[in-house]
Amino acid sequence: MPAAALPFSPLGLTVSFTAATTAPASAQAVSSAPTTRPAYQYRVVNSGTETVLLGVGATDAAAQAASVSIAAGAVPILSGAVEILGFPAGSYFTGNTASGTSVVYVTPGEGL
């Protein structure tokens with residue numbers, strides 16, 4: 001029998017940014033979990049009306065570069081979506097939109 005999925009548990013403070021046609025400075029989502037077992041999952045909420053091309057990286061520059069296009073590594077986050085995604089601990093997040101803006105919230109943690 002498969003193991004039951006655990007609900008998402010926050011392990012750090014939520015960060016936010018306003019995705020726009022030019023990606024803003026990245027926000028780093030830092031885990032409060034022990035360094036021997038840091039959080040590698042993130043709850044990403046797109047609270048706006050625009051699809052966001054989410055750029056993620058180990059640095060602000062890497063996240064900015066990834067947010068340019070899907071070919072560059074961006075992850076599309078639809079309007080109103082709530083996603084649990086896995087990235088390296090301490091990742092930086094930013095995003096681009098085709099037009100308008102959308103506020104995106106990112107919380108480090110674990111679970112589904």
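All residue numbers refer to positions in the sequence shown, counting from 1.
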- request: Report yes if the side chains of Tyr40 and Leu11 come closer than 4.5 Å at any heavy-atom pair, otherwise no.
  value: no

When you measure from the side chain of Gln28 to the backbone N and O of Gly90, does any donor-acceptor pair fall under 3.5 Å? yes

Extract all donor-acceptor atom pairs below 3.5 Å that involve side chains of residues 68-75 and protein atoms in other chains or at least two apart in sequence.
| from | atom 1 | to | atom 2 | distance (Å) |
| --- | --- | --- | --- | --- |
| Ser69 | OG | Ala71 | N | 3.4 |
| Ser69 | OG | Ala72 | N | 3.1 |

Ser79 and Gly48 have their tightest heavy-atom pair at OG-O, 2.8 Å

Heavy-atom nearest pair, Ala25 first then Thr94, reads O-OG1, 4.2 Å

(Q) Quick one: does any side-chain atom of Asn46 pair with a main-chain N or O of Ala81 as donor and acceptor, under 3.5 Å? (A) no

Here the pair of heavy atoms bringing Ala19 nearest to Pro24 is CA-CD, 4.3 Å

Quick note, salt bridge (Lys or Arg N to Asp or Glu O under 4.0 Å) partners involving residues 9-24, not counting sequence neighbours, are none

message: Main chain of Val56, side chain of Gln64: is a donor-acceptor contact present, judged purely on distance under 3.5 Å?
response: no

To the nearest 0.5 Å, atom CD1 of Ile77 lies from atom CZ of Phe93 at 9.5 Å

Taking Asn96 for the side chain and Ser67 for the main chain, is one N or O donor matched with an acceptor at less than 3.5 Å?
yes

Report whether Phe17 and Leu13 are members of the same hydrophobic cluster (ILVMFWY, side-chain heavy atoms less than 4.5 Å apart, transitive linking). no

Worksheet entry | Same apolar cluster: Leu85 and Val15, side chain cutoff 4.5 Å | yes

Donor-acceptor pair, side chain of Thr21 and main chain of Ser99, under 3.5 angstrom
no

Nearest heavy-atom contact between Val52 and Gly95 is CG1-CA, 3.9 Å

Extract all donor-acceptor atom pairs below 3.5 Å that involve side chains of residues 104-112 and protein atoms in other chains or at least two apart in sequence.
| from | atom 1 | to | atom 2 | distance (Å) |
| --- | --- | --- | --- | --- |
| Thr107 | OG1 | Thr14 | OG1 | 2.6 |
| Glu110 | OE1 | Arg37 | NH2 | 2.8 |
| Glu110 | OE2 | Arg37 | NH2 | 2.8 |

Between Tyr42 and Pro88, the two heavy atoms sitting closest are OH-O, 2.9 Å

